[in-house]
Engineer: 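First, the structure itself, so that you have it in front of you.
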Amino acid sequence: MSGITGWVDFARDLTRERSTILAMTSTMALRGPDGEGVWVAPRVGIGHRRLAVFDLEDGRQPVAVEHDGRTIAVAAHSGSILNHEELRAELSSRGHRFRAGGDTETLLHAFLEWGPAAAERLEGTFAGVVWDARSEELYLVRDRLGVEPLFYYPTATGIVFGSEAKAILAHPLVEPEVDADGLREIFTYSGTPHVSPFRGMHRLRAGHHLVVRRGGITKTQWWEISAAEHTDSLDVTVDTIRGLLEESITRNLRTEAPVGSLLSGGLDSSGVVGLADAELRKSGKRIRTFTVDFAQHAENFQATDTRQSPDAPYAADVVRHLGTDHTDVVLDPSELSDAVARWSVLRAKDYPTPLGDMNTSLYLLAQAVAQRETKVVLTGEAADSLFHGVAWNRDPVESTMDTFPWVARGVVRDDAAGLGCGLFGDSLLKDLAPLEYAAQRYRESVSEAPHLPGMSDQEKHMRELCWVHLTNFMENQNGHTERLFKAVGLEVRMPYCDHRLVQYAYNLPWDMQNFDGREKSLLRAAVQHVLPQSVIDRRKTPYPVTLDPGYEKALRTEMRELLADTDAPVQPLLDRAAVQATLDDPDGLSRWAKRANVELPIQLNTWLRKYGVRLVL
């Protein structure tokens with residue numbers, strides 16, 4: 001996973017600014033616990049924190065190439081280039097000579113051979129930087145699906161960049177300011193691919209590269225999903241999905257570090273576990289699996305239309321069926337409400353979200369995985385986006401409200417202001433107009449979705465829903481998982497994010513997606529040979545949330561303390577009467593969505609205070 005950061009400035013001597021590059025790099029120490037490297041020249045400084053998964057002994061970054069006694073190019077990257085061995089062999093045949101065995105050196109030589117077009121030859125999840133000293137140009141590149149993060153902040157005479165916002169915020173020219181659009185992004189979970197909540201800071205979009213020259217900044221898209229007619233039969237389609245997923249998992253198992261996999265007992269993660277286990281068994285190994293659960297969860301569980309069953313029994317069925325090397329991670333309310341854990345989550349993500357205990361439990365799960373000496377973790381992320389597994393895509397109201405369906409769900413089921421916004425003041429919500437903002441961002445996104453001529457309205461709409469999940473929703477969700485696991489020094493790999501599988505799945509006809517009358521029909525058929533029948537028959541269930549009354553009690557106490565704190569920076573933004581009514585209502589936090597209305601203001605208050613964020617509204 002690792003982390004990169006740096007600064008290009010065409011008007012000052014950066015050899016005097018090594019301390020600044022070091023300060024930026026050190027903010028990502030948790031992301032890269034295995035080493036630190038800094039390279040500085042007059043016009044550029046590059047910093048790197050390393051998580052060793054390839055070339056464990058000698059994979060230090062940044063990597064430089066010299067010719068005739070001078071440095072001609074330098075590179076660093078985060079993530080993993082999974083086909084680096086094949087690329088290395090091809091480059092060696094073209095005369096390139098390698099010093100060590102890491103994938104960063106392969107990235108650098110690929111750039112020297114093919115220039116920016118080298119990105120098209122890379123497989124895996126990566127965010128990379130290359131400084132071409134010959135032309136004094138900086139290249140930033142991000143993987144096709146945006147699993148690895150990359151932010152940048154243009155200055156008057158250059159650019160500051162980093163894997164995380166905190167690295168950029170450590171630069172003296174950057175102020176931690178958030179304007180109205182930044183708050184709108186947080187309040188709506190819109191995931192606008194090029195937008196960061198911090199003013200002046202941007203995300204490099206997935207599948208794009210950026211070039212910084214003396215004359216300015218140029219952004220170019222180097223990969224995109226395309227519309228194509230699907231002509232395969234049902235049987236061929238199922239076989240193709242299975243084959244693409246098997247190939248992706250085989251590639252994602254490439255590492256010199258121990259590998260594990262998250263297991264919820266749902267179809268997505270169980271399918272990854274089943275196929276990964278089958279591949280590892282060929283060499284006499286077993287897959288390590290990890291399931292999160294809550295103390296007394298079975299006793300507290302109450303079925304809803306979205307969560308009809310707890311995860312633990314189904315995960316246990318998979319473990320018995322495959323014989324995995326399994327660990328159950330059981331959390332209690334005190335761990336979920338622990339101030340250190342919750343601050344660690346906010347620090348990892350750099351800005352608040354309404355996800356509350358879903359954030360904290362995932363972070364604590366990541367801690368437990370790391371304690372088992374595992375460095376690489378497979379997940380089932382993106383399967384719902386590819387195969388329409390989310391319930392709101394299939395709801396006749398939520399899927400047709402001309403906005404992101406996850407925003408529509410908040411409006412229809414939980415709160416007219418949207419998920420997590422229910423306790424903010426009317427004046428703030430009127431000024432921000434978060435629902436109008438989300439609708440505008442939705443229209444911008446779907447306008448980019450590729451279509452074929454003559455498609456039916458329903459087919460076109462379902463492709464648009466797939467598109468906003470692959471772009472906006474995954475921008476949020478990839479960051480959600482990636483940041484929390486990186487905070488404990490783990491690399492996350494998402495086999496469903498393989499670009500070949502994504503391209504194929506995007507063009508699947510809607511009636512074929514539902515051929516047996518259930519969500520994710522094609523994925524069920526593709527992985528049923530490796531899973532127990534109970535999992536094949538199970539309905540989609542989202543990531544679990546705690547139902548323990550102890551957690552609800554802790555939230556109430558924390559919100560009362562916030563209301564009593566006259567210096568709390570979030571107080572002017574709240575509707576105090578609505579907050580008090582929620583706290584006085586014994587059932588006010590009985591549902592997770594209502595808890596989010598309390599979680600988000602608490603997180604926002606901590607963020608404003610501890611991050612020193614200044615709102616510019």
Side-chain angles (χ1 to χ4, degrees), residues 245 249 253 258-281 285-304 306-333 335-336 357-358 360-374 376-381 383-384 389 481 485 490 492 495-496 518-520 523-548 551 592:
L245 188 53
I249 287 172
L253 288 172
V259 181
S261 188
L262 302 188
L263 174 62
S264 70
L267 183 67
D268 308 346
S269 65
S270 299
V272 169
V273 168
L275 294 176
D277 184 72
E279 179 64 25
L280 289 174
R281 295 280 180 179
K285 301 176 183 177
R286 288 192 300 164
I287 186 71
R288 295 178 178 182
T289 52
F290 300 87
T291 299
V292 68
D293 200 3
F294 307 105
Q296 286 82 51
H297 191 58
E299 294 83 351
N300 294 324
F301 185 82
Q302 294 180 350
T304 66
T306 55
R307 290 182 173 87
Q308 295 193 336
S309 56
D311 287 344
Y314 295 91
D317 284 351
V318 175
V319 172
R320 283 192 295 269
H321 186 74
L322 299 175
T324 69
D325 178 6
H326 186 69
T327 300
D328 283 311
V329 179
V330 182
L331 308 174
D332 63 44
E335 292 178 280
L336 291 170
D357 66 281
M358 297 172 72
T360 313
S361 65
L362 189 62
Y363 172 76
L364 294 172
L365 172 61
Q367 278 190 328
V369 173
Q371 289 166 2
R372 284 293 308 275
E373 297 181 352
T374 300
V376 177
V377 182
L378 308 182
T379 78
E381 298 281 357
D384 282 329
T481 304
F485 273 76
L490 292 174
V492 174
Y496 291 106
R518 296 182 291 181
E519 82 274 3
K520 293 186 284 194
L523 182 59
R524 289 177 193 275
V527 300
Q528 63 182 350
H529 64 296
V530 294
L531 297 179
Q533 193 62 40
S534 62
V535 174
I536 296 299
D537 293 337
R538 188 186 186 196
R539 274 188 56 186
K540 164 68 184 176
T541 299
Y543 184 86
V545 296
T546 182
L547 303 172
D548 195 297
Y551 184 73
W592 177 82

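Hydrogens, waters and symmetry mates are skipped; everything else that's a heavy atom, side chains included, is used.
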Engineer: Could you go through L280 and R286, starting from their C-alpha distance and side-chain angles, then the distance that decides it, and tell me whether this counts as side-chain contact (heavy atoms from CB on, under 4.5 Å)?
Structural biologist: CA-CA 6 Å; L280 289 174; R286 288 192 300 164; over 6 Å; no
Engineer: Does K540 offer a backbone N or O that forms a donor-acceptor pair with the side chain of E519 under 3.5 Å?
Structural biologist: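 Looks like yes, one N/O pair under 3.5 Å.
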Engineer: As a quick check of understanding, evaluate side-chain contact (heavy atoms from CB on, under 4.5 Å) for V535 and Q528, giving each step before the final call.
Structural biologist: CA-CA 9 Å; V535 174; Q528 63 182 350; over 6 Å; no
Engineer: Side chains of V376 and L490: does their closest heavy-atom pair fall under 4.5 Å?
Structural biologist: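 Answer no - side chains too far apart.
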Engineer: Is it the case that atom CD in E373 sees more than 12 heavy atoms from other parts of the structure closer than 6.0 Å?
Structural biologist: no
Engineer: Could you check whether any side-chain N or O of D277 sits under 3.5 Å from a backbone N or O of V273, counting only pairs where one atom can act as donor and the other as acceptor?
Structural biologist: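 No.
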Engineer: Pairs under 3.5 angstrom only: tabulate donor-acceptor contacts from the side chains of residues 258-268 to other protein residues two or more places apart or in another chain.
Structural biologist:
| unit_1 | atom_1 | unit_2 | atom_2 | d |
| --- | --- | --- | --- | --- |
| S261 | OG | L378 | O | 3.4 |
| S264 | OG | G266 | N | 3.0 |
| S264 | OG | S269 | OG | 3.1 |
| D268 | OD1 | K520 | NZ | 2.7 |
| D268 | OD2 | K520 | NZ | 3.2 |

Engineer: Under 4.5 Å between any side-chain heavy atoms of T291 and H326, yes or no?
Structural biologist: yes
Engineer: Looking at D325, is its backbone amide N or carbonyl O close enough to the side chain of R288 to form a donor-acceptor pair, meaning the two atoms are under 3.5 Å apart?
Structural biologist: no
Engineer: Side chain of D332, backbone of E335: donor and acceptor closer than 3.5 Å?
Structural biologist: yes
Engineer: Kindly list each side-chain donor-acceptor pair under 3.5 angstrom involving residues 317-324, sequence neighbours excluded, with atom names and distances?
Structural biologist:
| unit_1 | atom_1 | unit_2 | atom_2 | d |
| --- | --- | --- | --- | --- |
| D317 | OD1 | R320 | NH2 | 2.4 |
| D317 | OD2 | S534 | OG | 2.7 |
| T324 | OG1 | T289 | OG1 | 2.8 |

Engineer: Just by distance, do the side chain of R539 and the backbone of S309 share a donor-acceptor pair under 3.5 Å?
Structural biologist: no
Engineer: When you measure from the side chain of D357 to the backbone of T546, do you find a donor-acceptor pair of N or O atoms at a distance under 3.5 Å?
Structural biologist: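 It does hold such a pair.
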Engineer: Atom CG of L547 and atom CZ of F301: how far apart are they, to the nearest 0.5 Å?
Structural biologist: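 Atom-to-atom, L547:CG and F301:CZ are 7.0 Å apart.
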Engineer: Does the side chain of R518 reach to within under 4.5 Å of the side chain of D537, using non-hydrogen atoms?
Structural biologist: yes
Engineer: What are the two closest non-hydrogen atoms of A276 and I287, and how far apart are they?
Structural biologist: CB-CD1, 4.2 Å
Engineer: Which pair of non-hydrogen atoms, one from Y496 and one from G380, has the smallest distance, and what is that distance?
Structural biologist: CD1-O, 3.5 Å
Engineer: Could you pull out the closest heavy-atom pair between P495 and I249, with the gap in Å?
Structural biologist: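 Nearest pair, atom of P495 first, then I249: CB-CG1, 3.7 Å.
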Engineer: Hey, does S361 have a side-chain heavy atom less than 4.5 Å from the side chain of L364?
Structural biologist: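 The answer is no, as the side chains (C-beta and beyond) never meet within the 4.5 Å cut-off.
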Engineer: Nearest 0.5 angstrom please: I536 CD1 to R524 CZ, how far?
Structural biologist: 7.0 Å
Engineer: Quick one: does L245's side chain get under 4.5 Å of L275's, heavy atoms only?
Structural biologist: yes
Engineer: My understanding is that only one of V330, N300, L336 makes a side chain to side chain contact (heavy atoms under 4.5 Å, CB included) with F294; could you say which?
Structural biologist: L336
Engineer: Taking the side chain as C-beta and beyond, is there a heavy-atom pair between T541 and Y314 under 4.5 Å?
Structural biologist: no
Engineer: Distance from R538 atom CZ to L531 atom CG, nearest 0.5 Å?
Structural biologist: 12.5 Å
Engineer: Under 3.5 Å, side chain of Y543 to main-chain N/O of L362, donor-acceptor pair present?
Structural biologist: yes
